[in-house]
Amino acid sequence: MLGLHDLEYIVILKVASIKRSKEFYAKKLGLKVILSDDKNHRVFKNRPQICLDQLGSPSKYTPRHLCSGSAEIHFFSKKTIQELEYILGVQEIPIIANDKYQTEEGGEQECIYLYDPDGNLLRITGGANPRI
């Protein structure tokens, strides 16, 4: 597994296919997946987790411009970029870019970008991170 962690909020992601997205996030990325229609989903406190909601399903509160593939999610991993590249290669998940960005402390942090099955952009920062 990728060793993703440090999600400070439960991310609720509208998806075109619950089955396809659950397979990706649970089996390939190793996240705890909860479904928005699960009445007990508030009892899950383990991190990291992501909540999937079927696009077009009725919801009390819905974003104004709702479409699958419009989210950007940033994950942190204790694994190095090289380890993440290897794991994603074995999983046959294409990496679309490698990059570095400036941290608040003035250092550089390596990250990789990929898409989920709906085209949402995922950024995974690897290695030692002061937030972890």
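Heavy-atom basis, side chains included; hydrogens, waters and symmetry copies ignored. When a residue number appears, it is its place in the shown sequence, counting from 1. None of these values were measured; they are calculated from a predicted model.
- Atom CG of Leu31 sits about 14.5 Å away from atom NZ of Lys27, to the nearest 0.5 Å.
- With hydrogens and angles disregarded, no donor-acceptor distance shorter than 3.5 Å links the side chain of Gln109 to the backbone of Gln102.
- Checked by atom type and distance alone, the side chain of Lys28 pairs as donor or acceptor with a backbone atom of Gln91 at under 3.5 Å.
- In this structure, Phe75 is not a member of the same hydrophobic cluster as Tyr115, with clusters built from ILVMFWY side-chain heavy atoms closer than 4.5 Å.
- A 4.5 Å side-chain heavy-atom check between Leu52 and Val33 finds at least one atom pair inside the cut-off.
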- request: Apply side-chain contact (heavy atoms from CB on, under 4.5 Å) to Asn98 and Glu85, showing your working.
  value: CA-CA 10 Å; Asn98 292 51; Glu85 288 172 333; 2.5 Å; yes
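- Considering only heavy atoms from C-beta on, Tyr113 comes within 4.5 Å of Leu121 through its side chain.
- At least one side-chain heavy atom of Ile18 sits less than 4.5 Å from a side-chain heavy atom of Leu35.
- A 6.0 Å sphere centred on CD of Glu108 holds more than 12 heavy atoms belonging to other residues, nucleotides or ligands.
- At least one side-chain heavy atom of Leu29 sits less than 4.5 Å from a side-chain heavy atom of Leu122.
- With contacts defined as side-chain heavy-atom distances shorter than 4.5 Å, the pair Ile93/Phe24 qualifies.
- A salt bridge links Asp118 and Arg20; the closest N-O separation between the charged side-chain nitrogens and carboxylate oxygens is under 4.0 Å.
- Note that OG of Ser77 and CD of Glu83 are 7.5 Å apart. Values are rounded to the nearest 0.5 Å.
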- prompt: His74 and Thr125: side-chain contact (heavy atoms from CB on, under 4.5 Å), yes or no, with the steps?
  reply: CA-CA 8 Å; His74 187 177; Thr125 298; 2.5 Å; yes
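- Taking both residues in full, the closest heavy atoms of Gly126 and Leu84 are given as CA-CD1, 4.0 Å, listed atom of the first, atom of the second, then distance.
- In this structure, OG on Ser21 lies 8.0 Å from CG on Asn120, to the nearest 0.5 angstrom.
- Side-chain atoms of Asp53 and Leu13, non-hydrogen and from C-beta on, never get closer than 4.5 Å to each other.
- A cation-pi geometry, defined here as NZ or CZ lying under 6.0 Å from the six-membered ring centre and within 45° of its normal, does not hold between Arg123 and Phe76.
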- request: Verify side-chain contact (heavy atoms from CB on, under 4.5 Å) between Lys79 and Ile87, making sure each step is shown before the conclusion.
  value: CA-CA 10 Å; Lys79 297 191 181 300; Ile87 293 167; 3.6 Å; yes
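- Asp116 pairs by the salt bridge (Lys or Arg N to Asp or Glu O under 4.0 Å) definition with nothing, not counting sequence neighbours.
- The distance from the CD1 atom of Ile50 to the NZ atom of Lys32 is 13.5 Å, given to the nearest 0.5 Å.
- Closest approach of Leu114 and Pro94 over heavy atoms only: CB-O, 3.5 Å.
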